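All remarks here apply to the structure that follows.
Note on naming: letters A, B, ... go to the chains in the order of the sequence lines (proteins, then strands), and numbering restarts at 1 for each one. Note that the structure is a prediction, hence the values are computed from the model and not measured.
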Protein chains: 2
Amino acid sequence: MFNIEEWLPFLLAKTYQHTLTLMRSALDEFKLTPPQFVTLAFLWRRDGINQQELGTLMNVDRTTISGLLERLERLELVQRGQDPRDRRSWVIFVTKKGKALKEKLLPKLDRVSKEISRTLTLKEQETLIKLLNKIRLA
Amino acid sequence: MFNIEEWLPFLLAKTYQHTLTLMRSALDEFKLTPPQFVTLAFLWRRDGINQQELGTLMNVDRTTISGLLERLERLELVQRGQDPRDRRSWVIFVTKKGKALKEKLLPKLDRVSKEISRTLTLKEQETLIKLLNKIRLA
DNA sequence: TTAATATAATCAGTACACTGACTTTATTAT
DNA sequence: ATAATAAAGTCAGTGTACTGATTATATTAA
């Protein structure tokens, strides 16, 4: 018998929604959304790439990246400049303001993942990450 | 050091997106979206409830349920009728057409969850479901 | 009973996330 | 060198998912 509540896609959807709620309250004071934070987190590591490359790293559609960066630019956290070697693409840079957020945001977001998995033992947390990674990289 | 790719919320987001892609191709021929299917699956079990109750079961916001049902009604898969005992609420019914989909959809969707977790052993699949459930019901 | 509160649903507005069409610039093939 | 193709990004349109405001109906308290 099919039980939707034990169906993997449903469980993933709901646990993900739950993390979104926690992230939103953590990010609220910064006027940032969860996907905007994730985008920043990728750019902190890999500055100066183009939208295509960023989308590939993040597993996000090109049109979605477009909008995300537009909003991050409006917040003055990133800046897009022309790539002299390929005039089709933008090169994305994190601004000083965007870099300054790093120290404040990381501890907050660390707490989010602890909060989500607070009912799991440390070993279970590791297992969960391992299994999700196995699916993701399949 | 913070590594976004091993961060639980990110992993949940990406595995969930992956399941959405698989679901979309499974549901394509039925002109149904993943959340629309989930809604139907809940209604197959619990017909005649109102939007509030459905939202609670599904963990979905009241306004989201509103839109989902409007689209399912447009597809003639559900129908909303007045509740004589409380004129504020609708009572939701699955139509004959909506019930008929059950036999066709369930096997398709069963295959989706198998496909997602095809790189996991059976034991790992059980573990994953157990851990996600633990988070969800926390 | 009337007034204050609460509840069910909708509406307006914002942000993802995707598809498909389009523009601009690069690359490749003839 | 030109034509065909591909790639980077944007735009329009649809569907979630949310917040906050509003409407209509119920419930509760004075």
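In this structure, the CD atom of Glu70(A) is 8 Å from the P atom of dC11(D), given to the nearest Å. Atom CZ in Arg74(A) sits roughly 13 Å away from atom C1' in dC16(C) (whole-Å rounding). Taking atom CG on Asn59(B) and atom C1' on dT16(D), their separation rounds to 15 Å, with Å as the unit. For Gln82(A) and dT25(C), the CD to C1' distance is 11 Å, given to the nearest whole Å. Summarising the geometry, the separation between CG on Asp83(A) and P on dA26(C) is reported as 9 Å, rounded to the nearest angstrom. When rounded to the nearest whole Å, the span between CG of Leu32(B) and C1' of dT14(D) equals 15 Å. The distance from atom NE2 of His18(A) to atom P of dC18(D) is 13 Å, rounded to the nearest whole Å. Atom CZ in Phe10(A) sits about 11 Å away from atom P in dA17(D), given to the nearest Å.
Relative to the side chain of Thr64(B), the nucleotides dG20(D), dT16(D), dG20(C) differ in distance, and dT16(D) lies closest. With dG9(D), dC16(C), dG15(D) as the choices, the nucleotide that has an atom nearest any side-chain atom of Gln36(B) turns out to be dG15(D). Between dC18(D), dT10(C), dG9(D), one nucleotide has an atom nearer to the side chain of Ser66(B) than all others, and that is dT10(C). Comparing atom distances between the Trp90(B) side chain and each of dT19(D), dT10(C), dT10(D) picks out dT10(C) as nearest. Across dC18(C), dA9(C), dG9(D), the shortest atom-to-atom separation from the side chain of Gln52(B) is found for dA9(C).
No option in Val94(B), Leu57(B), Val38(B) other than Val94(B) meets the side chain to side chain contact (heavy atoms under 4.5 Å, CB included) test with Leu43(B).
The phosphate of dC16(C) has neither OP1 nor OP2 within less than 4.0 Å of any side-chain N or O from Tyr16(B). Residue Arg87(B) places none of its side-chain N or O atoms closer than 4.0 Å to OP1 or OP2 of dT27(D). Taking side-chain N and O atoms only, Thr33(A) has a distance below 4.0 Å to OP1 or OP2 of dC16(C). A close approach under 4.0 Å does occur between a side-chain nitrogen or oxygen of Gln51(A) and OP1 or OP2 of dT10(D). A sub-4.0 Å separation between OP1 or OP2 of dC16(C) and a side-chain N or O of Gln17(B) is absent. Using a 4.0 Å cut-off, some side-chain N or O of Arg80(B) falls inside it from OP1 or OP2 of dT10(C). Phosphate contact (OP1/OP2 of dC16(C), side-chain N/O of Arg71(A), threshold under 4.0 Å): present.
Looking only at atom types and distance, the side chain of Asn3(B) has a donor-acceptor partner in the side chain of Arg45(A) under 3.5 Å away. Between the side chains of Gln17(B) and Asn59(A), no donor-acceptor pair of N or O atoms lies under 3.5 Å.
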Requested in this report: Determine, step by step, whether Glu115(B) and Arg111(B) satisfy the salt bridge (charged side-chain N to carboxylate O under 4.0 Å, His left out) criterion, reporting the C-alpha distance in whole Å, the side-chain angles of both residues, the deciding distance to 0.1 Å, and the verdict.
Outcome: CA-CA 6 Å; Glu115(B) 170 67 17; Arg111(B) 239 171 289 147; over 6 Å; no
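Taking only distance into account, the side chain of Arg88(A) meets the base of dA7(D) through a donor-acceptor pair shorter than 3.5 Å.
Nucleic acid contact class of Leu20(A) (heavy atoms, under 4.0 Å, all strands): none. Residue contacts for Leu68(B): at a heavy-atom cut-off of 4.0 Å it reaches the sugar-phosphate backbone alone, with no base atom in range. At a threshold of 4.0 angstrom between heavy atoms, the contacts of Ser89(A) are confined to the sugar-phosphate backbone, with no base atom among them.
A perpendicular orientation is assigned to the rings of Phe2(B) and Trp7(B), their planes being inclined by more than 60° (bins at 30° and 60°).
The environment of CD in Gln79(A) is sparse: at most 12 heavy-atom neighbours from other residues, nucleotides or ligands sit within 6.0 Å.
Positionally, the nearest nucleotide of DNA chain C for Ile92(B) lies more toward the 5' end than for the other of Ile92(B) and Arg24(B).
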